[in-house]
Novice: 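Below is a structure I'd like to ask you about.
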Amino acid sequence: MSEFEEVCYTREGAIEKAIEMEKESFDIYRRAYEMVEEKRARELVKELALEELEHKYTLEKAFLEEEIALHEAGVEEGPSMELTMLLQIKPLDEDATSQDVMIYAIHEEKRSVDFYGKMAQACVGAPMEAMFRRLQQDEGKHLASLEELYESIYMPEM
């Protein structure tokens, strides 16, 4: 994606950029939580919003600490189903359906995975690489969870 610069930021710059990404993700999930009616989708976007807040808090603490301690990612998720290739994103407005919100969230997680992957690649060998790889892994888990739920709700015949 061309929206991400191919540069390794300073430690502080990298943390600021990551905080900005987590804040945007939280805002999207907060809005989604208010809009989604399907119970499982509502619970998932709530869980994801809380995880984005946790990431943001950890990143903010990193300004004052030498080490950046992100939680362990836990169970590995399977690869993305690449639903962003199949599902067209559209802006969320008052007419958005629960399905629209789920599609938007899937695209948002894909954007986060790509962002952290590019940041890690640009920082190969630098101290920030490990943090970006971990965040990419966490966001990949979020993407897989959203895709699995989307498939179970809106593509059950597949």
Side-chain angles (χ1 to χ4, degrees), residues 1-33 41 44-92 99-152 154-155 158:
M1 291 181 133
S2 60
E3 69 181 287
F4 305 127
E5 299 174 54
E6 292 288 334
V7 61
C8 184
Y9 294 86
T10 63
R11 181 178 187 280
E12 290 77 18
I15 293 169
E16 283 287 349
K17 199 78 170 153
I19 287 170
E20 184 181 312
M21 178 65 83
E22 295 301 330
K23 183 182 179 321
E24 288 174 16
S25 293
F26 172 78
D27 289 343
I28 287 166
Y29 288 130
R30 183 186 50 77
R31 284 181 55 212
Y33 183 76
L44 180 59
V45 295
K46 176 182 173 182
E47 179 182 317
L48 295 176
L50 292 173
E51 286 186 29
E52 303 301 3
L53 281 179
E54 184 179 317
H55 287 165
K56 182 177 173 277
Y57 175 71
T58 300
L59 289 162
E60 288 170 338
K61 280 185 11 183
F63 279 116
L64 305 173
E65 300 172 355
E66 292 296 314
E67 295 290 316
I68 299 170
L70 293 169
H71 66 279
E72 286 301 315
V75 178
E76 290 289 323
E77 294 288 335
S80 168
M81 291 183 242
E82 302 294 334
L83 288 184
T84 53
M85 304 291 275
L86 302 171
L87 304 172
Q88 185 174 353
I89 190 172
K90 60 183 182 180
L92 295 181
Q99 186 173 10
D100 294 335
V101 173
M102 290 289 294
I103 291 169
Y104 196 93
I106 287 168
H107 279 272
E108 175 63 18
E109 284 303 332
K110 176 71 168 109
R111 188 174 78 92
S112 294
V113 169
D114 291 347
F115 168 77
Y116 287 126
K118 287 193 180 297
M119 293 293 281
Q121 186 63 36
C123 295
V124 168
M128 300 308 292
E129 179 187 6
M131 180 190 77
F132 287 127
R133 293 275 178 228
R134 169 46 52 83
L135 289 166
Q136 181 185 27
Q137 185 180 21
D138 282 356
E139 301 300 347
K141 282 180 50 191
H142 295 175
L143 177 59
S145 296
L146 282 166
E147 288 178 331
E148 287 172 15
L149 183 60
Y150 184 90
E151 183 182 43
S152 73
Y154 300 109
M155 303 165 77
M158 295 185 101

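Excluded from the calculations below are hydrogen atoms, water molecules and symmetry mates; all remaining heavy atoms, backbone and side chain alike, are included. All residue numbers refer to positions in the sequence shown, counting from 1.
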Novice: Would you mind checking if Glu20 and Lys23 are paired as a salt bridge, meaning a charged N to carboxylate O distance below 4.0 Å?
Specialist: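 Here Lys23 does not pair with Glu20 in a salt bridge, since their nearest N and O are not under 4.0 Å apart.
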Novice: Atom OG1 in Thr58, atom CG in Leu53: separation rounded to 0.5 Å?
Specialist: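 Interatomic distance, Thr58 OG1 to Leu53 CG, rounded to 0.5 Å: 10.5 Å.
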Novice: About how many Å separate CD of Glu108 and CG of Leu143, when rounded to the nearest 0.5 Å?
Specialist: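 Output value for this atom pair is 11.0 Å.
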Novice: Which distance, rounded to the nearest 0.5 Å, do you find between the CD of Glu16 and the CD of Glu60?
Specialist: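 So the CD of Glu16 and the CD of Glu60 are separated by 8.5 Å.
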Novice: Which atom pair, heavy atoms only, marks the closest approach of Ala49 to Phe26?
Specialist: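 The answer is O-CD1, 3.4 Å.
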Novice: For the atom pair CD1 (Ile28) and OG (Ser112), what is the distance rounded to the nearest 0.5 Å?
Specialist: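 With rounding to 0.5 Å, CD1 (Ile28) is 7.5 Å from OG (Ser112).
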Novice: Is a salt bridge present between Asp114 and Lys118, judged by a nitrogen-to-oxygen distance below 4.0 Å?
Specialist: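 Looking at Asp114 and Lys118, the cut-off is not met.
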Novice: List the atom of Ala41, the atom of Leu149, and the distance in Å for their closest heavy-atom pair.
Specialist: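 Smallest heavy-atom distance, with atoms named: CA-CD2, 3.4 Å.
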Novice: Using the side chain to side chain donor-acceptor pair (under 3.5 Å) rule, pick out the option among Glu109, Glu47, His142 that qualifies with Tyr29.
Specialist: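 Testing Tyr29 for a side chain to side chain donor-acceptor pair (under 3.5 Å) against Glu109, Glu47, His142 leaves exactly one candidate, Glu109.
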Novice: Applying side chain to side chain contact (heavy atoms under 4.5 Å, CB included) to Phe115 and Glu139, what does each step give before you reach the verdict?
Specialist: CA-CA 10 Å; Phe115 168 77; Glu139 301 300 347; over 6 Å; no
Novice: Please determine whether side chain to side chain contact (heavy atoms under 4.5 Å, CB included) holds for the pair Arg133 and Gln121, giving the CA-CA distance in whole Å, both sets of side-chain angles, and the decisive distance to 0.1 Å.
Specialist: CA-CA 9 Å; Arg133 293 275 178 228; Gln121 186 63 36; 3.7 Å; yes
Novice: Apply side chain to side chain contact (heavy atoms under 4.5 Å, CB included) to Gln99 and list each qualifying residue two or more places apart in sequence or on a separate chain.
Specialist: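 Scan of Gln99 (side chain to side chain contact (heavy atoms under 4.5 Å, CB included), adjacent residues dropped) gives Thr97, Ile103, Tyr150, Tyr154.
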Novice: Got a second to check how far Leu146's CG is from Lys110's NZ, nearest 0.5 Å?
Specialist: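 Result: 14.0 Å between the selected atoms.
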Novice: When you compare the side chain of Asp138 with that of His55, does any pair of heavy atoms fall below 4.5 Å?
Specialist: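 They are in side-chain contact.
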Novice: Test of understanding: with side chain to side chain contact (heavy atoms under 4.5 Å, CB included), list the residues that count as partners of Arg31, not counting sequence neighbours.
Specialist: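 Partners of Arg31 by the side chain to side chain contact (heavy atoms under 4.5 Å, CB included) criterion, ordered by chain and then number, come out as Leu92.
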Novice: Return the minimal non-hydrogen interatomic distance between Ala18 and Tyr116, and the atom names on each side.
Specialist: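 That would be O-OH, 3.3 Å.
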Novice: Hey, is Lys56 close enough to Glu52 for a salt bridge, meaning N to O under 4.0 Å?
Specialist: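 A salt bridge is absent here (no side-chain N lies under 4.0 Å from a carboxylate O).
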Novice: Taking all non-hydrogen atoms of both residues, which atom of Val101 and which atom of Ala32 are closest, and how far apart?
Specialist: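 Answer, listing the atom of Val101 first, then Ala32: CG1-CB, 3.1 Å.
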Novice: Can you name the nearest heavy-atom pair linking Glu129 to Val124, along with the distance?
Specialist: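 Closest pair (atom of Glu129, atom of Val124, distance): OE1-CA, 3.4 Å.
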Novice: Could you check whether Glu24 pairs with Arg111 (Lys NZ or Arg NE/NH1/NH2 to Asp/Glu carboxylate O, under 4.0 Å)?
Specialist: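 Yes, charged N to carboxylate O under 4.0 Å.
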